[in-house]
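Reading through the structure tokens given below for one structure.
Because the structure is a prediction, the values reported are computed rather than measured.
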Protein chains: 4
Amino acid sequence: MSESKRGRPRDMEVDRRVLDIAAAQLVERGYAGLSIDAVAEAAGVAKTTLYRRWPSKDHLAVAVTARMQEADPVADTGDIRVDLVNYLTHIVAAINRSRSLGLVAELAAAAARHDDIGELIHGVFTRRNALVLALIERAKQRGELRADTDAVVLFDQLAGALYYRVLFTGMPIDPAYAERLVTAALDGAVPTGEMS
Amino acid sequence: MSESKRGRPRDMEVDRRVLDIAAAQLVERGYAGLSIDAVAEAAGVAKTTLYRRWPSKDHLAVAVTARMQEADPVADTGDIRVDLVNYLTHIVAAINRSRSLGLVAELAAAAARHDDIGELIHGVFTRRNALVLALIERAKQRGELRADTDAVVLFDQLAGALYYRVLFTGMPIDPAYAERLVTAALDGAVPTGEMS
Amino acid sequence: MSESKRGRPRDMEVDRRVLDIAAAQLVERGYAGLSIDAVAEAAGVAKTTLYRRWPSKDHLAVAVTARMQEADPVADTGDIRVDLVNYLTHIVAAINRSRSLGLVAELAAAAARHDDIGELIHGVFTRRNALVLALIERAKQRGELRADTDAVVLFDQLAGALYYRVLFTGMPIDPAYAERLVTAALDGAVPTGEMS
Amino acid sequence: MSESKRGRPRDMEVDRRVLDIAAAQLVERGYAGLSIDAVAEAAGVAKTTLYRRWPSKDHLAVAVTARMQEADPVADTGDIRVDLVNYLTHIVAAINRSRSLGLVAELAAAAARHDDIGELIHGVFTRRNALVLALIERAKQRGELRADTDAVVLFDQLAGALYYRVLFTGMPIDPAYAERLVTAALDGAVPTGEMS
DNA sequence: GACTAATCGAGACGGTACGTCAAGTCTTGTG
DNA sequence: CACAAGACTTGACGTACCGTCTCGATTAGTC
């Protein structure tokens, strides 16, 4: 039933060491500065060993980022407004720290280059977002949000604004912006009582 | 008054021809498929001539895209809801057509790589968005939108959601999504009459 | 004892093919006409492979010439006068044939540019001259030449005159000149019996 | 009859300034380090102006060297042995000083590349050598040298040995070598009284 | 203990593009 | 005309990575 386990087994220590070093390079020198040769050398590992695990530089980069964002704190205080601001503030901090910005863009580009990488990336984001979507759903059931609220659309509005602003318009993001964002999304833009 | 114009003047025809060809390559073969050598050859121009005008491949790519998006149609029907849906629908179509997706991501990455490119990109988006921001402002003055609406935040929510969704979560975007987006942004998520 | 031979071994066939083609280019089109790109292409080899073995165009050229002059015929007839004339005549023929002249000058220039190349070139000439120096030594022991004859000086006079004449003064060299040269060097210029 | 002398006359000052600067570059950075662009810039002169006078870099280099070696001291003491040693010692000093070595080789290479440059170079050497050849001729007439001495061959032996030694074998040259050289050339290598 | 099968380290290799450099030509406008 | 300025062509150079390959040496489990 199980595939026969013959031959020398993989050294799991290698995975750890390579990902650590690749993460370091990625943070220090950006995506373009992540060189397979350099990582292999620094990890004391042959390039072939690298390619046996990650079929391309893009795959390695995705693996690194997947491991980097394991735990985003999502607390449910019962006040959706507060919870969302907290969460966005956390993301804002992560973006402003380190080089993660360029990295995120490069990953999106890699996703557009290769379908399989696209799936990996999308999986990463989907898993990361699931907790917040659940949060929103619970607020709907509590009646804090309208029953017809589309959780995904709401979340897209929030997270999307953040990335769009910083990536494309180059404007800064900070906790105050996160708060304005949540307010705007929750309250809407039309005058009260005039909804269609 | 003006700096004396000495020496052989630049051949403006070259700019046109190079940008045309680069645009074609970009659309046909994507960002990675844009090769300075190939463009130079196809344009019948020396590589050095290219580098005299655009100091790197990234710069050329930015120049190309800047020229590509001259006119996005922004009509003011007097109904902001309709105008925004129209505009977003137009962007959705542009994104779904051709390879522009990967290109956008690559440009964002390039922006993160070099500061000067960042400024160029941000300028492009800023100019492109100005018309829509003005549209929103007019709707505010008409009383169609609340007076305290932050136009930039509203726009970030709309455009950002679009790009975020398609780039990072890999979900499709279509006219229906554009409509849901506008509705959500304008009407908000909290039940009517419960605004803080 | 020997350094352990790890990694993929170099393909010696490549050396042979590259040197053959480079030699051909060198002879047909001269030093300036020797292009790394062209050689790599013609040899069906990547440029990087070339640079791994010869760190610059100059190094490659030296390697080519080193291989070209493996066997200069040095016969010992017992008559030093005859032997030297034969040898010089052979060199004269080699110089007059093909482009070797410019090549020799270029190599000397390359030697002045890079120290390591200098050593290579000097090694080539040293090895090439060793046989003739031995010939001269034997003539000394036979008593054909004076015991205090400095073999190196004598050889410098002969070979040097040849190259100097053709390279710097542009005068032709031929077998007759070779003979005059040997006569002059062996017999001296002062009237007999008037030596200091 | 005379070519019409119309238009702006050439600025002779330019020639001087350019040659000065080119000479400096040549000495400081060698032949490859002599860049037309750099010379033009340093001389405050347009490249076209340079090319109007010297049709190529090689021509400029030749012009520079021609001007550099105006006066080699040739004194006639009445003792040919002494005079030759003096002269060679002077050349040895010139070679050992500065970068002239590589330069000489490059010029020889340039001579082999273009016929017209060859003629220029050969002219330079011919003129430079004329005085020494005359010296040798006078020694012949005085009976200091054998009447059948070939002055050119003798000179080739002396100067040639110098250049050959230092360019091709990489051995050092010094006044002592110059002396050994003259002795060997004048006295010959065969035992006294055994001349054929 | 021999055999088999996979991993690992090392490094050569093909390929593709990059960005740079210098030579020499051409095109302006100015004196 | 000469000249300054600088754009342009041409051609090659050397470099940097990527991803593949070929070795020999380990390191298991299997027979």
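In this structure, the separation between CG on A:Leu60 and CG on A:Leu34 is 6.0 Å, given to the nearest 0.5 Å. Separating the CG atom in C:Leu50 from the CD atom in C:Glu41 is a distance of 12.0 Å, to the nearest 0.5 Å.
Residue order along DNA chain E, read from the 5' end via each residue's closest nucleotide, puts A:Ala43 first among A:Ala43 and D:Ser56.
One atom, NZ of D:Lys57, and another, P of E:dG24, lie 8 Å apart when rounded to the nearest Å. Taking atom CG of D:Asp37 as the reference point, atom P of E:dT20 lies 16 Å away to the nearest angstrom. Atom CG in C:Leu60 sits about 13 Å away from atom C1' in F:dC13, given to the nearest Å. Taking atom CD on B:Glu41 and atom C1' on F:dT10, their separation rounds to 13 Å, with Å as the unit. The separation between A:Leu50 atom CG and F:dC17 atom P is 15 Å, rounded to whole Å. Look at CG on C:Asp58: it is 8 Å from P on F:dG14, rounded to the nearest Å. The separation between A:Tyr51 atom OH and E:dG9 atom C1' is 16 Å, rounded to whole Å. Rounded to whole Å, atom P of F:dA2 lies 17 Å from atom CZ of D:Arg17.
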Side-chain atoms of residues 112-122 of chain C: list all donor-acceptor pairs with protein atoms under 3.5 Å, sequence neighbours left out, distances to 0.1 Å.
| residue | atom | partner | partner atom | Å |
| --- | --- | --- | --- | --- |
| C:Arg113 | NE | C:Asp58 | OD2 | 3.3 |
| C:Arg113 | NH1 | D:Glu106 | OE2 | 2.6 |
| C:Arg113 | NH2 | C:Asp58 | OD1 | 3.3 |
| C:Arg113 | NH2 | C:Asp58 | OD2 | 3.3 |
| C:Asp116 | OD2 | C:His59 | NE2 | 2.6 |
| C:His122 | ND1 | C:Gly118 | O | 3.0 |

Listed pairs under 3.5 Å, donor-acceptor, residues 12-24 of chain C side chains, sequence neighbours left out:
| residue | atom | partner | partner atom | Å |
| --- | --- | --- | --- | --- |
| C:Glu13 | OE2 | C:Arg16 | NH2 | 3.0 |
| C:Asp15 | OD1 | C:Arg53 | NH1 | 2.0 |
| C:Arg16 | NH1 | C:Asp20 | OD2 | 3.0 |
| C:Arg17 | NE | C:Ala43 | O | 3.0 |
| C:Arg17 | NH2 | C:Ala43 | O | 3.0 |
| C:Asp20 | OD1 | C:Arg67 | NH1 | 3.3 |
| C:Asp20 | OD1 | C:Arg67 | NH2 | 2.7 |

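A:Tyr51 is linked by a ring-ring contact (aromatic ring centres under 6.0 Å, His included) to nothing, counting only residues two or more places apart in sequence or in another chain. In terms of the ring-ring contact (aromatic ring centres under 6.0 Å, His included) criterion, residue partners of A:Phe125 (sequence neighbours excluded) are, by chain and number, B:Phe168.
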Per-nucleotide protein contact string for nucleotides 2-8 of chain E, where B marks a base within reach and S marks sugar-phosphate only (heavy atoms under 4.0 Å, - for neither): ---BBBB
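In the interface, the side chain of D:Lys47 is paired with the base of E:dG24 through a donor and an acceptor atom under 3.5 Å apart.
Results of the side-chain contact (heavy atoms from CB on, under 4.5 Å) test with D:Leu103 over D:Leu26, D:Val64, D:Val27 single out D:Leu26 as the only residue that passes.
Near DNA chain F, meaning a heavy atom under 4.0 Å from it, residues 24-36 of chain C has C:Leu34, C:Ser35, C:Ile36 in order of number.
Contact check for D:Val124 versus D:Thr65: no side-chain heavy atoms found under the 4.5 Å cut-off.
A donor-acceptor pair is defined here as one N or O able to donate and one able to accept, closer than 3.5 Å; no such pair exists between the side chain of A:Lys47 and the backbone of A:Ile36.
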